[in-house]
Amino acid sequence: MPTITFEDEQIECETGKNLRDVLLDAGLSPHNGPTALSCHGLATCGTCAVEIEGEVAEPSRRERTRLNFPPHSSDSGLRLACQVAVTDDLTVRKYEGFWGQHTEDGSRSDRD
Ligand code: FES
């Protein structure tokens with residue numbers, strides 16, 4: 001059973017579960033703004049972007065397309081939580097900005 005570390009919390013989940021769903025079910029969020037403003041997992045809004053340490057599958061074309069569209073950039077290294085299946089222990093980090101796009105200064109979101 002994989003363990004996700006996010007904002008100093010540890011959450012166990014079944015293998016294959018969607019990362020965004022696991023976080024939301026645990027009362028956490030990969031969104032810096034209201035979840036209601038998101039696309040709810042369609043890979044179109046980009047607001048669930050997070051940095052992930054750990055083994056995950058390569059991004060789909062749909063995910064890559066969104067992450068290549070501003071304010072994201074192809075070299076950010078971010079992933080869309082709504083497009084990631086959890087298959088291994090992961091450490092997940094949310095950066096500042098509405099989309100969590102401010103990776104350049106290394107600042108983690110101030111929500112925690
Ligand atoms: S919830 Fe919109 S891209 Fe993930």
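Each ligand, and each atom within it, is numbered from 1 in the order the structure gives. In this chain, residues are counted from 1 in sequence order.
- Lys17 places no side-chain N or O within donor-acceptor distance of the main-chain N or O of Val86, the cut-off being under 3.5 Å.
- Judged by distance alone, with hydrogens and angles left aside, the side-chain atoms of Asp89 form no donor-acceptor pair with the main-chain N or O of Thr5 at under 3.5 Å.
- Under a 4.0 Å criterion applied to the non-hydrogen atoms of His31, ligand 1 contributes the atoms 1 (S).
- Proximity of a side-chain donor or acceptor of Arg79 to a complementary backbone N or O of Val50 within less than 3.5 Å is not detected.
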Working note: Thr35 + Arg20, criterion side chain to side chain contact (heavy atoms under 4.5 Å, CB included); need CA distance, chi angles, decisive distance, verdict. CA-CA 11 Å; Thr35 303; Arg20 177 179 179 267; 3.5 Å; yes

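- Around atom 4 (Fe) of ligand 1, the protein contributes the following N, O or S atoms at distances under 2.8 Å: Cys48 SG, Cys82 SG.
- A distance-only check finds a donor-acceptor pair linking the side chain of Arg64 to the backbone of Pro59 [under 3.5 Å].
- With Leu19 as the fixed residue, the side chain to side chain contact (heavy atoms under 4.5 Å, CB included) test singles out one of Val56, Val92, Leu80: Val92.
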